[in-house]
Engineer: 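Below is the structure I would like to discuss, written out as structure tokens.
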Protein chains: 2
Amino acid sequence: MSVSVSHDEFRRRLDLTAQGVEDLLDRLLEPDPLPGEIIRPGRLLEAMRYAMLGGGKRLRPHLVVEAARLFGREDQGVLRAAAAIECVHGYSLVHDDLPAMDDDELRRGKPTVHRAFDEATAILAGDALITLAFDMLADEATDPDPAVRIALTLSLARSSGIGGMAGGQMLDLEAEGRFASHGRPLRGDEADTLRLQAMKTGAILVACLEMGAIVGRADDEAKRALSAYGRAIGQAFQIADDLLDAEGEAGLVGKATGKDAARGKATLVSLLGIETARARLSRLVDEAQGALQPFGPRADTLRETASFVAARRS
Amino acid sequence: MSVSVSHDEFRRRLDLTAQGVEDLLDRLLEPDPLPGEIIRPGRLLEAMRYAMLGGGKRLRPHLVVEAARLFGREDQGVLRAAAAIECVHGYSLVHDDLPAMDDDELRRGKPTVHRAFDEATAILAGDALITLAFDMLADEATDPDPAVRIALTLSLARSSGIGGMAGGQMLDLEAEGRFASHGRPLRGDEADTLRLQAMKTGAILVACLEMGAIVGRADDEAKRALSAYGRAIGQAFQIADDLLDAEGEAGLVGKATGKDAARGKATLVSLLGIETARARLSRLVDEAQGALQPFGPRADTLRETASFVAARRS
């Protein structure tokens, strides 16, 4: 499929949303308590700011914003929904990095939250970020219609809980053989691996598109098209990530690489081989772009996004 | 103030709600995924069930249910709101017990979740319980009116995030001197201690009453009265807890006692002395019961609840 929007325009949109999310989170993570709050303890606030500000492509917010824009909606409310998902993504990084989980010391080239602060603060910062995400969605500044706000809340909760992201992290720890006798990795087959990835990273990406559709008052057909796009880029994202882990250099990636192999974890790359994985990645990009057909050229930024997700190098 | 409802009737109401919450959580924490979920990993589900089922007075759900009943509302929707708060309370216990936080091995006489499972599973179970709480509130089974569901969501988020419960746990760790040079406890004064407790345990108790009022479509005057009641029993609850820690026997309490003194933490009991703390506790019960004056005898169960909170022995 031809992509008519320039790569430069895509980058401009990506950067615009990243800046908007950065500014919004900077304002939301301020010392003044909101109505109903008592005070905001400084150390906890600093850890939340450290986790959320100053970095990241903000791919998830970009997906929310671009999905909503298909339906003509572009405002601070959309950005709030986008930033709420980013808070859930951010909490998952903080908790996944903990010594009891993946035990990572670096994230985006900086010490992880539990290294920069301490474990207790990192646990609490993650907890408070989940809670803040739902707070942001529930606030009327996100959308004047309570039915829209509650649909956003349900979408985020379902995609990030036991049946989505948190459950996926559990499966990932199990795949490392963490709880098996002798701690041997449980090398799953392709179906197991796809399901793990659909939960751990895919569900939230699909939710980004769904939430963009919700704030945009999309009809069911448009919602289905965006979900199909979301599932395809979710898989593409994961294959690109696995390729990066298998081939990347730590200095470029900003976090440790080669970890999957070291842990004996199955990935699509280890199951299919690098060349087959690359071919699958290319097919998924086509599939994602094809799913956007009903939107015509309005969806060109999302089409570029699919290519970007597949090509990403960090 | 005289309390006309019998203690037996109060116990009957408390037990009824506890049973209702137990049954509801047992049904919600089942292996079948909800729409929008993929699968529910068994180990994570078991840890959530272990954390949530088979114990506890269910004081917080009781407060939600009794507040809603003042306005004639008694149904499964109220119980869902009540169980959602219980999930947030439950997650806070799981995370607070972690080695990096309070490092507790016993909870209600059973091994804590990270002892019965492992730390990673305990962290994820807590995360998934927060998320489930918001999922439950957002589902239309809780209330047909989206505006009611979103008001519940906001109340729970504000009371349990950085400006409420999670922030209170942060202050509590700081009060132990965890982050001070030489790790000395920071002995706060009465105002500091009251604020810490208002955040760590009080905010959620006030939210219970607020959420009962929201599902009951209470007017502002009734909401104010219930909040005043909530603040008074919140303080009473904490003084009773501190007295229990100072005087209790571990076998009876089902968790370690004497921990506040061992950690050098300020409590109202250490600041005021046992006798003055007891007098304050008694005054707070009167204050709580007095706040219920607008509701007349309909609020007798909540009046008994205030006495129960002050007298609790476990």
Side-chain angles (χ1 to χ4, degrees), chain A residues 33-41 43-45 48 91-92 95 98 100-101 114 118-124 126-128 130-132 134-135 137-139 145-147 149-151 153-164 166-171 173-174 178-179 195 198-199 203, chain B residues 33-41 43-45 48 91-92 95 98 100-101 114 118-124 126-128 130-132 134-135 137-139 145-147 149-151 153-164 166-171 173-174 178-179 195 198-199 203:
Chain A
L34 291 170
E37 293 184 338
I38 299 172
I39 61 156
R40 297 182 148 195
R43 184 179 181 84
L44 184 53
L45 188 66
M48 293 166 77
Y91 111 71
S92 76
H95 280 187
L98 285 166
M101 299 264 242
H114 67 273
D118 62 282
E119 280 186 56
T121 302
I123 295 166
L124 283 173
D127 295 345
I130 310 179
T131 311
L132 178 65
F134 291 106
D135 186 322
L137 294 181
D139 192 295
D145 184 351
R149 300 195 318 264
I150 211 73
T153 303
L154 198 59
S155 176
L156 186 59
R158 288 280 156 91
S159 58
S160 64
I162 182 175
Q169 172 68 1
M170 183 86 243
L171 294 178
L173 296 173
E174 288 180 339
R178 190 81 73 98
F179 315 115
R195 189 174 59 186
M199 290 174 71
Chain B
L34 291 170
E37 292 182 339
I38 299 173
I39 61 156
R40 296 182 149 195
R43 184 180 180 83
L44 184 53
L45 189 66
M48 292 165 79
Y91 111 71
S92 76
H95 280 187
L98 285 166
M101 298 263 243
H114 67 274
D118 62 280
E119 279 187 57
T121 303
I123 294 166
L124 284 172
D127 295 345
I130 310 180
T131 311
L132 178 65
F134 290 107
D135 186 323
L137 293 182
D139 193 293
D145 184 352
R149 306 204 301 276
I150 212 73
T153 302
L154 198 59
S155 175
L156 186 59
R158 289 279 155 91
S159 59
S160 64
I162 183 177
Q169 174 67 2
M170 185 84 243
L171 293 179
L173 296 173
E174 288 181 338
R178 191 81 73 96
F179 315 114
R195 189 173 59 186
M199 291 175 71

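Reckoned from all heavy atoms, side chains included, excluding hydrogens, waters and symmetry mates. Here the structure is a predicted model, which means the values were calculated and not measured.
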Engineer: Go through A/P33, A/G126, A/S159, A/P146 and name the one with the most non-hydrogen pairs under 4.5 angstrom from chain B.
Structural biologist: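 The candidate making the most pairs under 4.5 Å is A/P146.
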
Engineer: The criterion is side-chain contact (heavy atoms from CB on, under 4.5 Å); which residues satisfy it with A/L154, sequence neighbours excluded?
Structural biologist: A/R158, B/D135, B/A138

Engineer: Which of these passes side-chain contact (heavy atoms from CB on, under 4.5 Å) with A/I150: B/I150, B/D139, B/L137?
Structural biologist: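 With A/I150 as partner, B/I150, B/D139, B/L137 yield a single side-chain contact (heavy atoms from CB on, under 4.5 Å), made by B/I150.
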
Engineer: Looking at chain B, which one of A/L45, A/T131, A/I39 has the largest number of heavy-atom pairs inside 4.5 Å, strictly under?
Structural biologist: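 Result: the option with the highest number of such pairs is A/I39.
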
Engineer: List the atom of A/I123, the atom of B/A100, and the distance in Å for their closest heavy-atom pair.
Structural biologist: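 Heavy atoms only, the tightest pair is CD1-CB, 4.1 Å.
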
Engineer: Pick from A/R149, A/R195, A/E119, A/M170: which one has the most heavy-atom pairs with chain B under 4.5 Å?
Structural biologist: A/M170

Engineer: At a heavy-atom separation under 4.5 Å, does A/L98 approach chain B through its side chain, its backbone, both, or neither?
Structural biologist: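 For A/L98, the side chain is the part near chain B, not the backbone.
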
Engineer: How long is the straight-line distance from CZ of A/R40 back to CE of B/M199, given to the nearest 0.5 Å?
Structural biologist: 9.5 Å

Engineer: Less than 4.5 Å apart, any side-chain heavy atom of B/M101 and any of A/L124?
Structural biologist: yes

Engineer: Would you mind checking which part of B/I38 comes under 4.5 Å of any heavy atom in chain A, side chain (CB onward), backbone (N, CA, C, O), both or neither?
Structural biologist: both

Engineer: With the side chain counted from C-beta on, respond yes when A/I130 and B/D127 share a heavy-atom pair under 4.5 Å apart, and no when they do not.
Structural biologist: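 In short, these two side chains touch, coming nearer than 4.5 Å.
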
Engineer: For B/D145, what residues pass the side chain to side chain donor-acceptor pair (under 3.5 Å) criterion, not counting sequence neighbours?
Structural biologist: none

Engineer: Search all heavy atoms of B/A128 against all heavy atoms of A/A166 and return the closest pair with its distance.
Structural biologist: CB-CB, 4.3 Å

Engineer: Tell me, for B/P41 versus chain A, whether the close heavy atoms (under 4.5 Å) come from the side chain, the backbone, both or neither.
Structural biologist: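 For B/P41, backbone and side chain are both near chain A.
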
Engineer: In terms of heavy-atom pairs under 4.5 Å, which option from B/L34, B/T153, B/L132, B/L44 contacts chain A the most?
Structural biologist: B/L44

Engineer: With respect to chain A, which residue among B/A203, B/S92, B/S155, B/P35 yields the maximal number of heavy-atom pairs within a distance under 4.5 Å?
Structural biologist: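 Sorted descending by pairs with chain A, the first entry is B/P35.
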
Engineer: To the nearest 0.5 Å, what is the distance between CZ on A/R178 and CZ on B/R43?
Structural biologist: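 One finds 10.0 Å between CZ of A/R178 and CZ of B/R43.
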
Engineer: Given side chains that start at C-beta, do those of A/F179 and B/T121 come closer than 4.5 Å, heavy atoms only?
Structural biologist: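 Answer yes - side chains close enough.
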
Engineer: If the plane angle is over 60° it's perpendicular, under 30° parallel, otherwise tilted; pick one for A/H95 and B/H95.
Structural biologist: perpendicular

Engineer: Between B/G164, B/A120, B/G36, B/A147, which has the largest tally of heavy atom pairs under 4.5 Å with chain A?
Structural biologist: B/A120

